[in-house]
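Report on the following structure.
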Amino acid sequence: TRLFVSEAYPGFGLTDPKNDWRTSWKQLIDEKHPTLVMIMLGGWDLGFQKEKGDAAYLQITKEATELFTANGAKVLWISMLPGGTTPQRDTDRVFEMLPPLFAGNVAYADIESSLRRPAGEFGDYPRSYVDTTGQTIMLRKPDNWHLCPVGAARLADAINSETASIGWSNRAATGWQVGSWTTDARYDDPKGGCLV
């Protein structure tokens, strides 16, 4: 039996003193005993990194990683979501420094290519594009940041590809991309935001 726990919420950064992640993550570890932890963040830490530098941010991300690996979990750091109002993904170069520090228990996945435009389409990370059959494919909501089901599926597939390539998981069976998860109400906020 596998248990998936989502602890995602908006406005989170490791360097924001209002986010007591040291306590909340320790409680989560003690309660759920995770074996694989996937972390995607960065936008809310860009200011700290710019002011204090990569070395200071590395120390914080290393501390966060140690929380999980100390209890035996493997940790996958996922690159910052590309596009939107934070086209600079400077935090990624710090996340890439973490795997060598943890002897095979930590990996890094850059998912940016999963949300890129097809060749010939305008914009690096478009909200939508028209495929070769003439169908409009919606990747993101009207804010050009939050994901629609197709964008989420592409990102998830990139993550699954990485975990499978390093032996942390199997490749998911085909067909999941159009499962019942695509009708979750969060993909319809704002109303119709993922419709053409």
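Owing to the predicted nature of the structure, the values given are computational and were not obtained by experimental measurement. Scope of the values below: all heavy atoms of this structure, side chains included, with no hydrogens, waters or symmetry mates.
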Enumerate donor-acceptor pairs with a distance under 3.5 Å from any side-chain N or O in residues 144-158 to protein atoms, sequence neighbours excluded.
from	atom 1	to	atom 2	distance (Å)
His146	ND1	Asp143	OD2	2.5
Arg154	NH1	Tyr129	OH	3.2
Arg154	NH2	Tyr129	OH	2.4
Asp157	OD1	Arg171	NH1	3.2
Asp157	OD1	Arg171	NH2	3.2

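- Under the salt bridge (Lys or Arg N to Asp or Glu O under 4.0 Å) criterion, Lys52 pairs with no residue, sequence neighbours left out.
- Residue Leu76 holds its CG atom at 7.0 Å from CD1 of Ile159, rounded to the nearest 0.5 Å.
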### Task
Carefully, step by step, assess Met138 and Thr136 under the rule side-chain contact (heavy atoms from CB on, under 4.5 Å).
CA-CA 6 Å; Met138 301 300 299; Thr136 299; 3.9 Å; yes

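- Pro34 has its side chain out of reach of Val5: every pair of non-hydrogen atoms, C-beta onward, lies at least 4.5 Å apart.
- Between Trp25 and Leu67 the shortest heavy-atom distance is CB-CD1, 4.1 Å.
- Take Lys141 and apply the side-chain hydrogen bond (donor to acceptor under 3.5 Å, both in side chains) test, not counting sequence neighbours, and it matches no residue.
- Across all their heavy atoms, Tyr125 and Pro82 have their closest contact at CZ-CB, 3.5 Å.
- Here the two rings, on Trp21 and Phe12, have centers that are 6.0 Å apart or farther.
- For Glu63, the salt bridge (Lys or Arg N to Asp or Glu O under 4.0 Å) test picks out Arg22, with sequence neighbours left out.
- The two residues Leu139 and Leu115 make their nearest non-hydrogen contact at CD1-O, 4.3 Å.
- Using a 4.5 Å heavy-atom threshold, the side chains of Ile39 and Phe68 count as touching.
- Taking CG from Leu98 and CG from Leu58, the interatomic distance works out to 5.5 Å, rounded to the nearest 0.5 Å.
- Within the structure, every pair that satisfies the side-chain hydrogen bond (donor to acceptor under 3.5 Å, both in side chains) test and touches residues 41-50, not counting sequence neighbours, is listed here: Thr15-Asp45, Asp45-Tyr57, Gln49-Asp54.
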Got a list of side-chain donor-acceptor pairs under 3.5 Å for residues 99-110, not counting sequence neighbours?
from	atom 1	to	atom 2	distance (Å)
Asn105	OD1	Lys74	NZ	3.2
Asp110	OD1	Ser79	OG	3.1
Asp110	OD1	Arg89	NH1	3.3
Asp110	OD1	Glu112	N	3.1

### Task
For Asp92 and Phe95, run side-chain contact (heavy atoms from CB on, under 4.5 Å): C-alpha distance rounded to whole Å, both residues' side-chain angles, the deciding distance at 0.1 Å, then the answer.
CA-CA 5 Å; Asp92 290 352; Phe95 303 151; 3.7 Å; yes

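- Rounding to the nearest 0.5 Å gives a distance of 9.0 Å between OG of Ser128 and CD1 of Ile137.
- Minimum heavy-atom separation, Asp188 to Lys191: OD2-NZ, 2.9 Å.
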